[in-house]
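Encoded as structure tokens, the structure appears first; notes follow it.
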There are 2 protein chains.
Amino acid sequence: MSTKPARPTIRDVAIRAGVSMTTVSDVVNSKGRVDPATRERVLTAVSDVGWRPRRSARALRSGRTGVFAMCLPLGHVGVGDWLTNAEYDMALVAACAAATVDSDRQLLVAPRPTDVRDLARLDVDGVIIADPREGDQALTVLNNAGVPAVTIDRDIQRTDGWWVETDNTGSTLQVLDHLTAQGAKRIALVTADAPWAWFEDTSAAYARWCAEHDVKPQVRLIDVERPRATAAAGVRSLLRLKNPPDAIFAIPYGTPLGALDAITESGLSVPGDLLLAGGMDGQMLQVSSPPITAVDLRPIEMARAAVDLLARRVSGEKAVGPVVIQTELRVRESTSRR
Amino acid sequence: MSTKPARPTIRDVAIRAGVSMTTVSDVVNSKGRVDPATRERVLTAVSDVGWRPRRSARALRSGRTGVFAMCLPLGHVGVGDWLTNAEYDMALVAACAAATVDSDRQLLVAPRPTDVRDLARLDVDGVIIADPREGDQALTVLNNAGVPAVTIDRDIQRTDGWWVETDNTGSTLQVLDHLTAQGAKRIALVTADAPWAWFEDTSAAYARWCAEHDVKPQVRLIDVERPRATAAAGVRSLLRLKNPPDAIFAIPYGTPLGALDAITESGLSVPGDLLLAGGMDGQMLQVSSPPITAVDLRPIEMARAAVDLLARRVSGEKAVGPVVIQTELRVRESTSRR
DNA sequence: TTGAAAGCGTTACCAT
DNA sequence: ATGGTAACGCTTTCAA
């Protein structure tokens, strides 16, 4: 009279197939020790009763949750201006999700754990921290708790080797060489003075390149809260120089548009009078007039590499140093002279 | 000699505090039956031994995983053109994550389950499907398996009431009234002929409004694979009419830019000769020249409402019909006549 | 106010 | 090739 609408367990499957729970377990875990015929019967029983594994039971038994967490940079909830772009972050999330699923895991999206209380809510095998800030507190918390973590982009205070990063130096040199090849003699840099590896590496590479090419470095720093407006201001001041630049490399997202604003209002044109390149590609640079050459930071490759690296760290491997992803320069009209 | 580096359990806490496991459990779950002094001792022991709950053990015992999954529309991995925008999706994800954490749950990001095999990997209390397609297969799969689900946006084949949606009709009327108030007499609609509630509701509201205001409807349909280019083509054909429109409402993301392309190349100006409004706000519309008036679809509110609704469905409440979120019109230069 | 013990679904180990 | 059973960490029930 009283039915049993409870979710089926391997016990139900075992009874249905006339085998033991062990055998069912072996079948669904592809342990090779079962007779093909038995295997067939079990599989049929599985779909007959509609059994799905209970991840929590597996996790309890095996000590592995099969879950990675991803902690995104900031809120994204009510951002006004843009230093980074949502396409990049969305690509990170989507690619991480895809990669974790490929390795039969699941991806949790969570706020950064700032103390032990947060950690309590985060019972996972490992954590991916995107865009860590200098000496990121989340990392400290995780390390103290013994939770394996990797970061996407380098925390400039860290040296443990557990991160993936883009080849910022290489991409900077590539841009500078490209601009030079298109005829630029005096390339200025628009960037931010903030403790992220992206900015530090870029600035360092620029300085070195200038020294090696006997070019006078011209740098303008923006306010990360208002990239477009402050970039425009910086470029305006550059254009007022006796010897103004003939090319601009603007790193933070949003700054190439600010540079374009300043150039246009000076009555100059891109790429006619100045060349312009951006440090981070995105829709806005593709649809501007003219479309702006920019560095593709390859979020998808970064994400896949991060999942892969975390899987290795979780399984106890030793660190072999950071994974470096090569960027790709998307050349567009803003740097194309004919 | 042999240490025990294993992760502490409530047993360790209990021993340390000199109480039973039951008492520890009661303390950490805020069941009110423990003596304050005992409680204090237990809490101290918890932080002394560095105990964190094992979600899987709790889940196994209680039958609730405490996890919601979110399934995003598509790949986001290598999209070329844009019918929707990453900012919107990113806001959905971030807000869902925040809301699930607020209710002491966790948010999984996963691909849509297309069959039972996918479901096996998705052992969660409930699922949020963003942007369902007509008769979304994922919903069928979930329903068959008895997994509670809600959608963000309405699946036009569904009537169960378990979804949140924007007030598409209201927002359309608001835009049309706004354009009229700014002097428009002949408003054309650029939209897509695709089975999403967003398009269907908008078209219906437009048709009804035209009928009621004795205006001849002018609609151009775009190809969802190439919104910008096909919108431009559509608007070009509108401008060639004997009696061309003096305002355009372009719904899918990307189409307002296409409209602007066509208008500009005809030597006309916005908002001088034509008014232009977009159906979905985003960065590209904010930075275009001129900035384009658009509907803020309020992804953050949608996400929070979805989490809330799913929590209710999971806890066995009856459906009370969809949750409707009011949109907000972001008025900008493209529709501002002085 | 507190404790002992059963049991959640699964897998690992040891038998057969 | 297959089965029995203990154990994973926790909450719940029942008893004290």
Side-chain angles (χ1 to χ4, degrees), chain A residues 4-43 45-46 49-67 104 119-125 145, chain B residues 4-43 45-46 49-67 104 119-125 145:
Chain A
K4 192 191 172 190
R7 183 164 151 184
T9 75
I10 53 166
R11 194 195 167 91
D12 301 311
V13 177
I15 293 173
R16 174 95 178 204
V19 298
S20 73
M21 290 162 57
T22 305
T23 301
V24 175
S25 177
D26 287 347
V27 168
V28 299
N29 290 296
S30 307
K31 301 242 201 308
R33 71 177 195 177
V34 224
D35 185 279
T38 318
R39 193 186 133 78
E40 221 36 64
R41 241 184 322 136
V42 170
L43 256 17
V46 163
V49 307
W51 176 84
R52 291 181 295 133
R54 225 170 246 266
R55 313 293 290 210
S56 32
R58 284 187 171 171
L60 180 58
R61 186 64 249 249
S62 66
R64 290 265 165 102
T65 62
V67 179
D104 198 30
L119 257 192
R121 338 197 136 191
L122 206 64
D123 185 26
V124 298
D125 291 341
Chain B
K4 190 194 174 188
R7 181 163 153 187
T9 75
I10 53 167
R11 192 195 169 93
D12 301 310
V13 177
I15 293 172
R16 174 94 179 203
V19 296
S20 72
M21 289 163 57
T22 308
T23 301
V24 175
S25 176
D26 287 347
V27 168
V28 298
N29 290 296
S30 307
K31 300 243 202 305
R33 71 178 195 176
V34 218
D35 184 280
T38 318
R39 192 186 134 80
E40 221 38 64
R41 242 184 322 137
V42 170
L43 255 19
V46 164
V49 307
W51 176 84
R52 291 182 295 132
R54 229 168 244 263
R55 313 291 290 211
S56 34
R58 283 186 171 172
L60 182 57
R61 185 62 246 242
S62 67
R64 289 269 164 99
T65 62
V67 179
D104 199 30
L119 257 192
R121 338 197 135 190
L122 205 65
D123 186 24
V124 298
D125 291 341

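Residue numbering restarts at 1 for every chain, and letters A, B, ... go by the order of the sequence lines.
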Quiz prompt | Exam field: side chain Thr65(B) to backbone Asp125(B), donor-acceptor pair closer than 3.5 Å | solution = yes
Quiz item: If only side-chain N and O atoms of Thr38(B) are considered, is one of them under 4.0 Å from the OP1 or OP2 phosphate oxygen of dT2(C)?
Solution: yes
Practice problem: Kindly say whether, by distance alone, the side chain of Arg61(A) makes a donor-acceptor pair under 3.5 Å with the base of dT10(C)? | Solution: no
Exercise. Calculate the interatomic distance between Arg58(B) atom CZ and dT11(D) atom C1'; express it in whole Å.
Key: 9 Å
Self-check item: Proximal nucleotide (of dT11(D), dA4(C), dT10(C)) relative to the Thr9(A) side chain
Solution: dT10(C)
Quiz item: Rounded to whole angstrom units, what separation is found between the CG atom of Asp12(B) and the P atom of dC8(D)?
Solution: 11 Å
Practice problem: Could you check how far CZ of Arg64(A) sits from C1' of dA7(D), rounded to whole Å? | Solution: 18 Å
Quiz item: What is the nucleic acid contact for Asn29(B), judged by heavy atoms within less than 4.0 Å: base, sugar-phosphate only, or nothing?
Solution: sugar-phosphate
Quiz item: Can you tell me if Thr22(B) and Ser25(B) form a side-chain donor-acceptor pair at under 3.5 Å?
Solution: no
Practice problem: Round to a whole Å and report the spacing from CZ of Arg55(A) to P of dT10(C). | Solution: 12 Å
Quiz item: Rounded to whole angstrom units, what separation is found between the CG atom of Asp26(B) and the P atom of dT1(C)?
Solution: 11 Å
Quiz prompt | N/O donor-acceptor pair, side chain Thr22(A) with base dA12(C), under 3.5 angstrom | solution = yes
Quiz item: Choosing from dG9(C), dT10(C), dG4(D), which nucleotide comes nearest the side chain of Leu60(A)?
Solution: dG9(C)
Quiz item: Is there side-chain contact between Val34(A) and Val42(A), with at least one heavy-atom pair below 4.5 Å?
Solution: no
Quiz item: Are Val13(B) and Arg16(B) side-chain neighbours, meaning at least one heavy-atom pair lies under 4.5 Å?
Solution: no
Exercise. Ignoring backbone atoms, test whether Ser62(B) places a side-chain nitrogen or oxygen under 4.0 Å from the OP1 or OP2 oxygen of dT11(D).
Key: no
Quiz prompt | Closest listed nucleotide, where the reference is the side chain of Val28(A) and the choices are dT12(D), dT11(C), dG9(C) | solution = dT11(C)
Quiz prompt | Short side-chain N/O contact to dT1(C) OP1/OP2 from Lys31(B), under 4.0 Å | solution = no
Quiz item: Quick one: Met21(A) CE to dT11(C) P, roughly how many Å, whole number?
Solution: 9 Å
Self-check item: Gap between atoms CZ and P, on Arg11(A) and dT10(C) respectively (whole Å)
Solution: 12 Å
Exercise. Check for a donor-acceptor pair, side chain of Asp35(B) on one end and backbone N or O of Ala37(B) on the other, with a separation under 3.5 Å.
Key: yes
Exercise. With the side chain of Ile10(A) defined as its heavy atoms from C-beta on, choose the nearest nucleotide among dG3(C), dT11(C), dC10(D).
Key: dT11(C)
Exercise. Measure from CZ on Arg54(A) to C1' on dC8(D) and round the result to the nearest Å.
Key: 16 Å
Quiz item: Given dT11(D), is OP1 or OP2 found less than 4.0 Å from the side-chain N or O atoms of Ser25(B)?
Solution: yes
Quiz item: Nearest to the side chain of Asp35(A), which nucleotide is it out of dA1(D), dT1(C), dT10(C)?
Solution: dA1(D)
